[in-house]
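All heavy atoms count here, side chains included; hydrogens, waters and symmetry mates do not. Here is the naming used below: chain letters follow the sequence lines, and residue numbers restart at 1 for every chain.
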Protein chains: 2
Amino acid sequence: MNDVAATAGVALKTVSRVVNDEPGVNAATAERVRQAIELLGYRRNDGARVLRRGRTASIGLVIEDVADPFYSGLSRAVEDVALRNGSLVFTGSSGEDPQRERELVLAFCARRVDGLVIVPAGYDHGYLAPELHAGIRAVFADRPTGPALDVDTVLCDNAGGARTGVAHLIAHGHRRIAFLGDNAVIFTAKERLSGYREALDAAGLPYDPSLVSMGPPEQARVTAAMAGMLALDHPPTALFTGNGQTTVAALRALEILSARDPEPNSSRGGGSASASPRGPASPRHSGPASSGPGGQESSREGGWASSREGGWASSRHGGQRLAASLAIVGFDDFQLADLLSPSITVVAQDPIRLGRTAAELLFRRLAGENGPVERIQLPTHLIPRGSGELPPATF
Amino acid sequence: MNDVAATAGVALKTVSRVVNDEPGVNAATAERVRQAIELLGYRRNDGARVLRRGRTASIGLVIEDVADPFYSGLSRAVEDVALRNGSLVFTGSSGEDPQRERELVLAFCARRVDGLVIVPAGYDHGYLAPELHAGIRAVFADRPTGPALDVDTVLCDNAGGARTGVAHLIAHGHRRIAFLGDNAVIFTAKERLSGYREALDAAGLPYDPSLVSMGPPEQARVTAAMAGMLALDHPPTALFTGNGQTTVAALRALEILSARDPEPNSSRGGGSASASPRGPASPRHSGPASSGPGGQESSREGGWASSREGGWASSRHGGQRLAASLAIVGFDDFQLADLLSPSITVVAQDPIRLGRTAAELLFRRLAGENGPVERIQLPTHLIPRGSGELPPATF
DNA sequence: AGCAGGTGTGACAACGTTGTCAACCCTCAG
DNA sequence: CTGAGGGTTGACAACGTTGTCACACCTGCT
């Protein structure tokens, strides 16, 4: 800017005025300055500007993993709202690691972002208190923080959604309904489990711990859990899955279990009357590369299959038939849910609306709105597609 | 920092030294400073630091849409590399709009990011020249820029991938192969079309424009294009789709076309022997919310169905049977491709590797590596799963 | 002529850091 | 006792902006 001023033969401040379209500059002078700017290829340094003015016109977004469709939708929504508000977005994936979340948040704060949208990985956000005190606004999305921090939060109706989904299965005649959820330390997983129990309670059905399995949505774990349930004396006739990744893993598990000794007329497992040959798909390529640093694929075939096969194969029920007729409702909608056979019934959240709501709330705060802390709950939406309307299997 | 210095009874510079773990500070003094920092909840202002030091330790990432699984994978990879290099990431979605891309890039440059990873929407990046001259490094990913700008680029082998995929169909006996690609202004779309033609040429097959349709992957357009092709005198027996979204749209189109008058034993369309009822899925909810601002869903049912039904329904071939037996290979892997019936054969790119490669190249440049401009091409990978190995239908 | 009020311009400090350099205190060898 | 040298500390300028204030000039009025 100094150079521009020298070139144009004016003072620094005049250049600043031209650059910022401030009034009170002679048209001729302004033109001279603009030419100098053009000539020198000058671009204002927003870092310095920010230092002087206080506001950075940027926000930080911390999510679990951009590569997860749920969060990437949320991400895009936040981005759009930010753009509309003239703000840039720092994005960071915590990978469900509270330590990394903390580092990201603090790094964003050190850059003096105006505000934060956080999908928290941990519960303890004491480290945020000084930042909030220093004037950085934060909105929690998808999951709350502990009660210690009083801060705006936008959630989905996790319990309600799960209740609706499970009630839907009950309404279709199911009495033995399994629940496959994410790691129990995760807020949404707990809430959905609560919803599951509430629906059972409301229908007067007992809660059977052997029908519930919580843990990371890794294929090996999910497959093992399902095989175990199907081998029970009183196996489930329906399954409620607690999130999108778990739903997909469960479907793959059914495919694996059914394919072990497929029935000729099963709708699952490719055993239909079509002439389509099962391709020579090697197991390593059965799905698109997962987001994280691998590890999931390698365990799929080895891990459970060898260790549990005996137990399950000897089940007196014939697990294959059970697997092929299991009704399913999943929490979270996902791409192609409608093209599977049967199509998958889901309880849909709206990640875009979630992100938009959180970001808009943040910008309202930044604009000076100082009402009481808000706690917004967004509705979920049951989408019946077929898999959730299957009747209980009887053999 | 001033306050901290005052509280601790030391000079500004000493606090700076403590904060930055510089050597040469008495342990007792350092401890006193740390206590003052703790007491006041002080956090270094990285903006000011950046101003003084020159490097911002941040990069900008401009992609088409974070919500697209391909780009969100790329995104995550870039993020991870950046984190490893102690850098933060500004993310922005251009939405395939050159103007918005330009705004984002310039905004990032104004913040003095150290470097940029750009998936360009347009071809003309003249506006970047001054920035590059000013020392900002840039790496183009997935698509190149025009020849005017000499800059590092990481691409996939688009033509080669398409060639492989189409050759695969030819090897399975197909002679009439349709190509459904993205908008022809997009580099990758053009390249893949070239690969398609090369494969035809290599096999001595004619190029038939009536089997080729390029345009945005909207459901209505894709459905119409496919219906038109299936109604031809010599309809295609196989289809190659030019990207993930188009593949999915094509599958939905087949579902729509087949379902219009389904054959009892078709593997597609839910007409299998299973007892699974088609759920009462309303058309508005057939898929998860698409990323952009809607518009796609509403047109799915209305747009084409009413205007073209007559033409297609009167086809002398019975489009349903054609649709049900069409072999498919798609460019891009996608989630659940392996769980459809038949599973979908794809030519897979590796978005994570793409992002990682681009980001690592960027950071090598930032570390001072000054070799000639690099142009890296990543391989693609054919994954046979079933849909690409179907034989040509004969009626 | 003198003065109010407006327009255009510039000098200067400040934002919160860090790099440079100098000063201080101590210890130890000459 | 003197001086060299290391360890510790601080004063100051600079990074590139913008807010504040003041100045110079012009216009139109009394």
Side-chain angles (χ1 to χ4, degrees), chain A residues 1-34 36-37 40-58 86 106-114 130-131 134-136, chain B residues 1-34 36-37 40-58 86 106-114 130-131 134-136:
Chain A
M1 189 139 130
N2 240 322
D3 300 342
V4 175
T7 306
V10 297
L12 204 56
K13 181 67 215 194
T14 302
V15 179
S16 171
R17 277 192 261 258
V18 172
V19 166
N20 293 293
D21 284 323
E22 287 175 37
V25 180
N26 185 288
T29 314
E31 187 47 39
R32 208 149 30 98
V33 170
R34 263 188 285 271
I37 288 177
L40 299 175
Y42 163 83
R43 216 72 85 176
R44 178 178 65 200
N45 183 327
D46 275 3
R49 172 174 225 243
V50 151
L51 179 60
R52 186 62 235 263
R53 307 187 77 195
R55 279 258 167 131
T56 60
S58 60
L106 290 183
F108 293 163
C109 288
R111 295 300 173 88
R112 295 296 190 273
V113 293
D114 297 329
E131 312 296 340
I136 293 184
Chain B
M1 189 142 130
N2 240 323
D3 299 342
V4 175
T7 307
V10 296
L12 205 55
K13 181 68 215 194
T14 301
V15 178
S16 171
R17 277 191 262 259
V18 173
V19 166
N20 294 293
D21 284 324
E22 286 175 38
V25 180
N26 185 288
T29 314
E31 187 47 38
R32 208 150 30 99
V33 170
R34 263 188 283 272
I37 288 177
L40 300 175
Y42 163 82
R43 215 73 84 174
R44 178 177 65 198
N45 182 328
D46 277 0
R49 172 174 225 244
V50 151
L51 179 59
R52 187 61 233 263
R53 307 187 77 195
R55 280 255 168 135
T56 59
S58 60
L106 290 182
F108 292 163
C109 287
R111 296 298 173 88
R112 295 297 190 271
V113 293
D114 297 327
E131 312 296 341
I136 293 184

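Among the heavy atoms of the strands, none lies under 4.0 Å from A:Val50.
Listed by chain and number, the residues in a salt bridge (Lys or Arg N to Asp or Glu O under 4.0 Å) with B:Asp114 amount to none (sequence neighbours excluded).
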Its contact letters, B for base, S for sugar-phosphate only and - for none at protein heavy atoms under 4.0 Å, make nucleotides 16-24 of chain D read BBBBB----
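Taking the side chain as every heavy atom from C-beta outward, A:Asn45 and B:Arg112 approach each other to under 4.5 Å. Inter-residue side-chain proximity for A:Pro130 and B:Arg43 is flagged as met; some heavy-atom pair is nearer than 4.5 Å. Between A:Glu131 and A:Leu106 the shortest side-chain heavy-atom distance falls below 4.5 Å. The shortest side-chain heavy-atom distance between A:Tyr42 and A:Val19 falls under the 4.5 Å cut-off. Taking the side chain as every heavy atom from C-beta outward, A:Arg44 and A:Asn20 approach each other to under 4.5 Å.
OP1 or OP2 of C:dG10 sits under 4.0 Å from a side-chain N or O of A:Thr14. An OP1 or OP2 oxygen of D:dT9 is reached within less than 4.0 angstrom by a side-chain nitrogen or oxygen of B:Thr29.
Residue B:Asn26 contributes atom CG, which lies 12 Å from atom C1' of C:dC26 at whole-angstrom precision.
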